[in-house]
Protein chains: 2
Amino acid sequence: MITEEDRFRDHLKKKGLKFTSERKLILKEVFSSHKHFDVEELFGRLRKKDRAISRATIYRTLPLLIESGLIREALRCRDRFYYEHVFGHPHHDHLLCIGCGKVIEFRDERLEKLQNEVCKKYGFELIEHRLGIKGYCKKCQKKISKST
Amino acid sequence: MITEEDRFRDHLKKKGLKFTSERKLILKEVFSSHKHFDVEELFGRLRKKDRAISRATIYRTLPLLIESGLIREALRCRDRFYYEHVFGHPHHDHLLCIGCGKVIEFRDERLEKLQNEVCKKYGFELIEHRLGIKGYCKKCQKKISKST
DNA sequence: TCTGCGGTTGCAATTCAGTCTCAATTACAA
DNA sequence: TTGTAATTGAGACTGAATTGCAACCGCAGA
Ligand SMILES: [Mn+2]
Ligand SMILES: [Mn+2]
Ligand SMILES: [Zn+2]
Ligand SMILES: [Zn+2]
């Protein structure tokens with residue numbers, strides 16, 4: 001069974017890059033939780049450990065994790081990228097509540113299939129897609145109807 | 001028949017805001033072409049006219065045009081937002097070529113319907129959505145297969 | 001195990017889109 | 001025409017992300 005570390009090591013080797021202790025720590029921290037995360041949060045989490053890692057190194061490592069197929073940019077909110085696992089986690093899309101910021105993940109096979117059809121129609125080779133649906137979650141709908 | 005200017009005037013009036021010459025010029029320039037645009041491009045186009053308008057005013061006006069339902073954020077590439085017309089142009093989604101930057105617009109009713117279904121399932125009130133599919137256009141596929 | 005060659009790191013400086021402040025200006029309703 | 005609240009441009013500012021550089025270090029080969 002291949003672990004995320006195996007995958008990362010392979011990718012680095014292929015590119016003639018080194019598996020440093022910093023990259024190892026970042027990888028470990030990234031895969032210690034399944035939640036979406038941004039650079040600041042990751043930086044904060046790492047700082048609390050015995051070994052702090054600079055923001056620059058984090059910014060330089062995340063693209064390597066993306067290239068390895070381990071994570072991807074999931075959302076962009078509040079002027080930041082939020083990342084999520086790809087390795088070990090099936091693809092899905094997101095509902096974003098404008099009211100409270102809640103994020104709901106969903107997967108719909110029919111949506112995926114239709115996108116393939118669209119690409120076929122235009123002779124387009126699909127590499128990746130991102131679907132973000134903005135609106136109001138149940139709770140926020142209630143809040144709004146109460147306040148009017 | 002309602003024009004984009006009517007729409008903008010109405011919206012401004014509703015909010016107690018003024019229809020200034022700057023806002024009028026920005027509106028005019030935005031609707032002078034149907035292509036996607038970003039702030040820098042719009043700023044450049046306006047500067048070439050008799051009357052230059054500051055970036056700050058453009059940044060302050062675009063949200064008003066969005067609120068009015070005249071334009072929307074269509075894409076995010078190269079760290080910038082790209083905008084497009086909503087007024088007078090039916091909703092659609094985008095295929096983005098990673099190779100050459102080409103943007104293909106498409107509309108698929110079934111995709112729209114399925115998204116409504118997904119929202120219903122989660123009790124989510126859909127306000128807007130954005131689907132961006134990244135990949136390679138026909139030409140870029142050929143280029144790649146030639147170079148290997 | 002030792003060595004040397006790249007690749008890597010942290011830091012601070014930098015970039016750049018986007019926001020904000022403020023004094024001067026202007027739309028527009030009365 | 002006038003009063004007033006909204007608006008403007010200029011430049012300072014913010015904050016995420018990038019970069020240059022000198023010291024550092026992983027690792028393949030000896
Ligand atoms: Mn997710
Ligand atoms: Mn479009
Ligand atoms: Zn909510
Ligand atoms: Zn292309």
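For the numbers below, each heavy atom of this structure counts, side chains included, while hydrogens, waters and symmetry mates do not. What you are looking at is a predicted structure, and each value in this text was computed from that prediction instead of being measured.
Two residues are said to be in side-chain contact when any heavy atoms from C-beta on lie closer than 4.5 Å; B:E40 and B:R55 meet this criterion. No side-chain heavy atom of A:K28 sits less than 4.5 Å from a side-chain heavy atom of A:K24. Within the 4.5 Å cutoff, no side-chain heavy atoms of B:L65 are placed close to those of B:F31.
Between C:dG18, C:dT9, D:dT8, one nucleotide has an atom nearer to the side chain of A:T20 than all others, and that is C:dT9. Side-chain proximity of B:L17 to C:dA29, C:dC20, D:dA6: nearest is D:dA6. The side chain of B:R76 lies closest to C:dG18 when the candidates are C:dG18, D:dG11, D:dA17. Closest approach to the B:Y59 side chain among C:dA17, D:dG11, D:dA28 is made by C:dA17 (side chain taken as heavy atoms from C-beta onward). Here the nucleotide nearest the side chain of A:R80, chosen from D:dG26, D:dA16, D:dT7, is D:dA16. Closest to the side chain of A:A56, from the set D:dA17, C:dC20, D:dT19, is D:dT19.
Going from atom NZ of B:K18 over to atom P of C:dA29 covers 10 Å, rounded to whole Å. Summarising the geometry, the separation between CZ on A:R78 and P on D:dG15 is reported as 13 Å, rounded to the nearest angstrom. In this entry the distance linking CD1 of A:I53 with C1' of C:dT8 reads 12 Å, nearest Å. The CG-P distance, from A:L12 to C:dT8, rounds to 8 Å in whole Å. Separating the CD1 atom of A:I26 from the P atom of C:dT8 is a distance of 12 Å, rounded to the nearest angstrom.
Positionally, the nearest nucleotide of DNA chain D for B:I58 lies more toward the 5' end than for the other of B:I58 and A:R60. Both B:E22 and A:T61 lie close to DNA chain C; mapped to their nearest nucleotides by heavy-atom distance, the more 5′-ward contact belongs to A:T61.
No side-chain donor-acceptor contact under 3.5 Å links B:H36 and B:E41.
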